[in-house]
Every structure is written in C-alpha cells, then in structure tokens.
Amino acid sequence: DHIIQVEDLHYRYKDGTEALRGLSLFIERGRKVALLGPNGAGKSTLLLHFNGIYLPQRGRVYVAGREVTAETEYWVRSRVGLVFQDPDDQVFSSTVEEDVAFGPRNLGLAPAEIEERVRAALDAVGMQAYRHKPPYHLSYGQKKRVAIAGVLAMVPEIIVMDEPMAYLDPAGQAGVRTILDELHRQGKTLIVATHDVDFAASWAEVIIILKEGRVLAYGGPELLLDEN
Ligand code: ADP
Ligand code: ADP
C-alpha cells in the first residue's frame with residue numbers, strides 16, 4: 001500500500017536551477033522514512049511536493065492514490081502535515097493556543113472540536129502548560145514543539161518534517177523523538193529530511209538517499225552502515 005508515490009518528478013526554479021531531475025520513489029503507509037542527501041540534493045523541494053505547496057512541473061505525485069494537482073491540492077494539504085525546519089516560519093500567533101487553533105479554525109470546525117484538537121495536540125507535544133504564553137517567549141525547542149502541535153491539530157495521516165533535530169539540544173532532540181515514536185505508534189506515516197546520519201540510522205525503517213535531484217539509494221538502515 002503506497003501512501004506516497006512519486007514518478008519521474010522534475011522541478012526547476014525560476015533561476016534555472018534543476019532541483020529535481022526525474023525523481024521516483026514510493027513510501028508505504030505507516031513507515032518511518034528518513035530522506036538523506038547532501039545540501040542541495042533536493043530534499044526540501046521534494047517535501048514541498050508531498051503536501052501540494054509545489055505542484056509537479058513534470059512527472060506525478062500521488063498521495064493515498066490521488067494525484068496531486070491544482071484540483072486536489074487542498075485535499076492533499078489536509079492529509080499531509082509539513083513541519084518546516086525553522087519554527088519561526090510557522091509559529092506566529094500571539095499565544096500558543098491561538099497558534100495551534102489556527103489550522104482547525106481555517107477548516108471551519110465547530111468551537112468544541114477546535115478546543116478538543118488543540119488540547120490533544122498540546123498534550124501530544126507536552127506543551128499544555130504553555131498554552132496561554134506568547135510563542136516568542138519560548139525556547140527554540142519549545143517553539144518547534146508548538147509548530148508540530150499546529151500540524152497535529154490538522155490530524156494529518158502523513159507527517160513530513162524538514163530537519164526536525166536541527167539546532168535542538170539533546171533534551172530537545174529526545175523530546176521530538178518521543179513525539180515521533182508516539183505518532184508512529186498511532187500508525188502515522190512519518191517522513192523526515194535530515195543531515196543527521198546517527199538519528200536516521202537509529203530511528204528510520206526506510207532510508208532514501210537523494211543526490212542531484214534523484215534517488216541515489218533506497219533501503220533499510222543497514223544502507224547507512226554500508227555507506228560509512
Ligand atoms: P521501475 O518500475 O521503473 O523499475 P521501481 O518501481 O522499481 O521502478 O522503482 C521506482 C523508484 O523507486 C526507483 O527510482 C528506485 O530508486 C526507488 N525504489 C527502489 N526500491 C524501492 C522501494 N523498495 N521502495 C520505494 N522506492 C524504491
Ligand atoms: P536540500 O533540501 O536537499 O538542501 P533543496 O531542495 O533546498 O535541497 O535545493 C535543491 C536545489 O535547488 C539546490 O541547488 C538549491 O540551491 C536550489 N534551490 C532551492 N530553493 C531555491 C529557490 N527558491 N530558488 C532557486 N533555487 C533554489
């Protein structure tokens with residue numbers, strides 16, 4: 001059951017940079033997937049295709065069997081939650097609870113449902129005690145957890161994270177890892193772009209290595225032992 005399928009995906013930025021050059025892969029439902037590759041390999045560009053922020057210029061992306069197009073973009077965004085590398089790109093409301101409520105409110109959900117989603121999302125990331133605080137008072141790691149809560153409040157089936165461990169201290173990293181483990185237990189599909197080979201080797205079930213806009217290698221964590 002391929003929850004994500006990418007076929008011959010190409011993406012070229014306006015300045016002519018060919019970020020993706022015929023990339024194909026598939027991801028099975030419920031897997032913990034690490035996307036690795038050097039800077040500029042195309043990881044971030046690919047992640048932005050998974051939730052329809054970018055639409056394929058050439059090739060196809062399927063999410064849960066539906067092709068990602070301008071028509072399905074909105075649906076795709078509700079199935080795939082994207083956590084950016086920098087929480088300051090994602091966390092902007094005046095209080096933590098407002099921030100987490102933003103997405104559900106945009107969906108036009110009833111107030112009781114919004115409240116329940118905010119509570120559940122803040123519980124999941126251990127930030128309930130901070131719900132009335134302004135995000136700018138929080139540490140980087142706490143902001144990251146609020147950004148994750150904002151995504152969880154949308155109840156996505158697939159969660160995509162760009163460098164979730166970057167700039168976190170060991171306690172912050174352990175916190176994110178606990179959240180990821182719990183989401184995996186709930187059956188979510190998790191896709192994480194990372195530079196952190198140790199994290200990828202110890203966490204992921206599936207490793208996909210990108211290079212120059214294509215898949216260089218695909219396999220289990222043992223792939224990384226071969227590499228080193
Ligand atoms: P084809 O049918 O064109 O030979 P495959 O379906 O075998 O293509 O693989 C498509 C792409 O998926 C390839 O680019 C390959 O790198 C990658 N790939 C290989 N094995 C796997 C796998 N087990 N899961 C996901 N992607 C894979
Ligand atoms: P990664 O996440 O693996 O570092 P990216 O997807 O960010 O890779 O980048 C892939 C390629 O696209 C790189 O050559 C990068 O410089 C280029 N690129 C990324 N974003 C832009 C942009 N907005 N405009 C032009 N080129 C870009």
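When a ligand or atom number is given, it counts from 1 through the structure's own listing order. All figures in this text were calculated on a predicted structure; none of them were measured in a lab.
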Quick one: does Q90's side chain get under 4.5 Å of L82's, heavy atoms only? no
Atom indices of ligand 2, in the order listed, that fall short of 4.0 Å to a heavy atom of A41: 1 (P), 3 (O), 8 (O)
Looking at ligand 2, does P38 have a heavy atom less than 4.0 Å from it? yes
Should the pair F26 and H2 be assigned to parallel (<30°), tilted (30 to 60°) or perpendicular (>60°) ring geometry? parallel
Going by the 4.0 angstrom heavy-atom rule, the piece of D15 near ligand 2 is side chain
By number and element, which atoms of ligand 2 are closer than 4.0 Å to a non-hydrogen atom of N39? 4 (O)
Among all the protein's heavy atoms, is there at least one whose distance to atom 16 (O) of ligand 2 comes out below 4.0 Å? no
What are the two closest heavy atoms between A121 and A153, and how far apart are they? CB-N, 4.0 Å
Is there a side-chain contact between D86 and Y140 in this structure, where contact means two heavy atoms from C-beta onward sitting under 4.5 Å apart? yes
With the threshold set at under 4.0 angstrom, would you say G37 reaches ligand 2 through any of its heavy atoms? no
Could you see which bit of T17 sits under 4.0 Å from ligand 2, with heavy atoms only: side chain, backbone, both or neither? side chain
With heavy atoms of S44 as the reference, note each atom of ligand 2 found under 4.0 Å away. 1 (P), 2 (O), 6 (O), 7 (O)
Among all protein heavy atoms, pick the one closest to atom 6 (O) of ligand 2 and tell me residue, atom and distance. T45 OG1, 2.5 Å
Suppose we measure from atom 22 (C) of ligand 2 to each protein heavy atom; which comes out shortest, and what is that distance? Y13 CD2, 3.4 Å
Would you check the N or O atoms of G42, main chain and side chain alike, for any that come under 3.5 Å of an N or O of ligand 2? yes
Closest non-hydrogen atom pair between I207 and P221, with its separation: CG1-CA, 3.8 Å
Would you call the rings of W203 and F199 parallel, tilted or perpendicular, taking 30° and 60° as the class edges? parallel
In this structure, is the centre-to-centre distance between the rings of F102 and F92 below 6.0 Å? yes
Just to confirm my output: which protein heavy-atom neighbour is closest to atom 4 (O) of ligand 2, and how far is it? G40 N, 2.7 Å
Taking the side chain as every heavy atom from C-beta outward, state whether L138 and V96 have any pair of such atoms under 4.5 Å apart. yes
